[in-house]
Amino acid sequence: MSTDTTASVSTHILDTSAGRPAEGVAVRLTARPGPRAAWQELGGSATDADGRCKDLPALPEGTTHVRLDFEVEPYFKKKAEAQQDAPAHRDSGAVFFPEVTVTFAVTPGEHYHVPLLLNPFGYSVYRGS
């Protein structure tokens with residue numbers, strides 16, 4: 001049995017339209033100590049070349065709910081600009097989901113890895129390991 005009094009969170013993003021990690025996506029972390037409590041912004045990070053946020057802030061003791069906010073619009077706009085010289089494979093640059101918010105419940109002492117599978121017109125999340 002774990003003696004930790006807080007949960008921990010990590011995430012990464014895979015751009016499924018390219019089959020590659022999504023680098024440079026800003027991620028904000030907020031938490032609250034109950035379903036009716038106010039959200040507390042804890043800080044954020046950005047994904048590295050492997051699509052991972054390795055330095056998300058620690059969760060405060062008593063956290064029961066966590067929210068990850070992924071700002072994906074700048075990532076897709078940058079990707080579309082980079083493809084302008086390759087018209088045969090060019091993306092339209094349209095972004096249907098400019099941001100993705102994932103809210104989930106946590107239990108003290110457990111680790112939650114929440115991957116985001118992303119493409120310009122859809123996304124999927126799950127509890128990873």
Side-chain angles (χ1 to χ4, degrees):
M1 186 164 108
S2 176
T3 59
D4 291 340
T5 58
T6 61
S8 60
V9 173
S10 62
T11 189
H12 78 270
I13 305 173
L14 177 64
D15 178 347
T16 59
S17 65
R20 298 189 177 278
E23 181 179 6
V25 177
V27 179
R28 285 187 325 273
L29 177 68
T30 55
R32 65 184 182 187
R36 300 200 196 312
W39 288 102
Q40 174 188 4
E41 186 163 339
L42 303 177
S45 183
T47 55
D48 62 16
D50 196 31
R52 297 181 183 280
C53 283
K54 295 182 179 172
D55 57 352
L56 287 173
L59 297 176
E61 188 170 336
T63 296
T64 61
H65 294 84
V66 173
R67 185 169 61 202
L68 289 169
D69 294 300
F70 301 90
E71 296 178 30
V72 299
E73 185 171 36
Y75 167 78
F76 281 120
K77 287 190 178 228
K78 182 178 178 183
K79 182 178 166 184
E81 289 170 6
Q83 292 176 344
Q84 286 181 354
D85 294 334
H89 300 7
R90 188 157 86 199
D91 200 333
S92 69
V95 180
F96 187 66
F97 296 105
E99 58 187 54
V100 174
T101 300
V102 180
T103 305
F104 53 99
V106 298
T107 301
E110 292 197 28
H111 178 72
Y112 295 83
H113 183 64
V114 183
L116 173 63
L117 304 177
L118 181 65
N119 70 64
F121 298 100
Y123 65 88
S124 178
V125 295
Y126 60 97
R127 182 177 180 186
S129 57

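Note that this is a predicted model, so its numbers are computed, not measured. Because only heavy atoms are used, hydrogens play no part in the values below, and waters and symmetry mates are left out as well, while side chains stay in.
Using a 4.5 Å heavy-atom cutoff, the side chains of F70 and T101 are not in contact. Counting heavy atoms from C-beta on, the side chains of S17 and K79 come closer than 4.5 Å. Contact check for L118 versus T16: no side-chain heavy atoms found under the 4.5 Å cut-off. Here the side chains of P21 and R52 are not in contact, with every heavy-atom distance at 4.5 Å or above.
In the hydrophobic clustering of ILVMFWY residues, with side-chain heavy atoms under 4.5 Å counting as a link, L14 and V72 come out apart. Placement of F104 and L42 within a single hydrophobic cluster is found when ILVMFWY residues are connected by side-chain heavy-atom separations under 4.5 Å, directly or transitively. Residues Y112 and Y126 do not share a hydrophobic cluster, defined by chaining ILVMFWY side chains whose heavy atoms lie under 4.5 Å apart. V100 and L117 fall into different hydrophobic clusters, where Ile, Leu, Val, Met, Phe, Trp and Tyr side chains are chained together by heavy-atom contacts under 4.5 Å.
Other residues, nucleotides and ligands contribute only 12 or fewer heavy atoms inside 6.0 Å of the CZ atom of F96. Within a 6.0 Å sphere centred on CZ of R36, other residues, nucleotides and ligands contribute 12 heavy atoms or fewer.
In terms of heavy-atom proximity, H111 sits nearest to S8 at ND1-OG, 2.6 Å.
Residue Y75 holds its OH atom at 8.5 Å from CD1 of I13, rounded to the nearest 0.5 Å. Taken from CZ in R20 to CG in D50, the straight-line distance is 12.0 Å, to the nearest 0.5 Å. To the nearest 0.5 angstrom, S10 atom OG is 12.0 Å from D55 atom CG.
Residues satisfying the ring pair (Phe, Tyr, Trp, His ring centres under 6.0 Å) test with H113, not counting sequence neighbours, are H12. Remark: S129 engages no residue in a side-chain contact (heavy atoms from CB on, under 4.5 Å) (not counting sequence neighbours).
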Just list the side-chain donor-acceptor pairs under 3.5 Å for residues 22-31, sequence neighbours left out, or say none.
{"from": "R28", "atom 1": "NH1", "to": "E71", "atom 2": "OE2", "distance (Å)": "2.4"}
{"from": "T30", "atom 1": "OG1", "to": "R67", "atom 2": "NE", "distance (Å)": "3.2"}

(request) Start with the C-alpha distance between V66 and V114, add both sets of side-chain angles, then the distance that settles side chain to side chain contact (heavy atoms under 4.5 Å, CB included), and finish with yes or no. (result) CA-CA 11 Å; V66 173; V114 183; over 6 Å; no
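Between the side chains of S45 and K54, not a single donor N or O lies within less than 3.5 Å of an accepting N or O.
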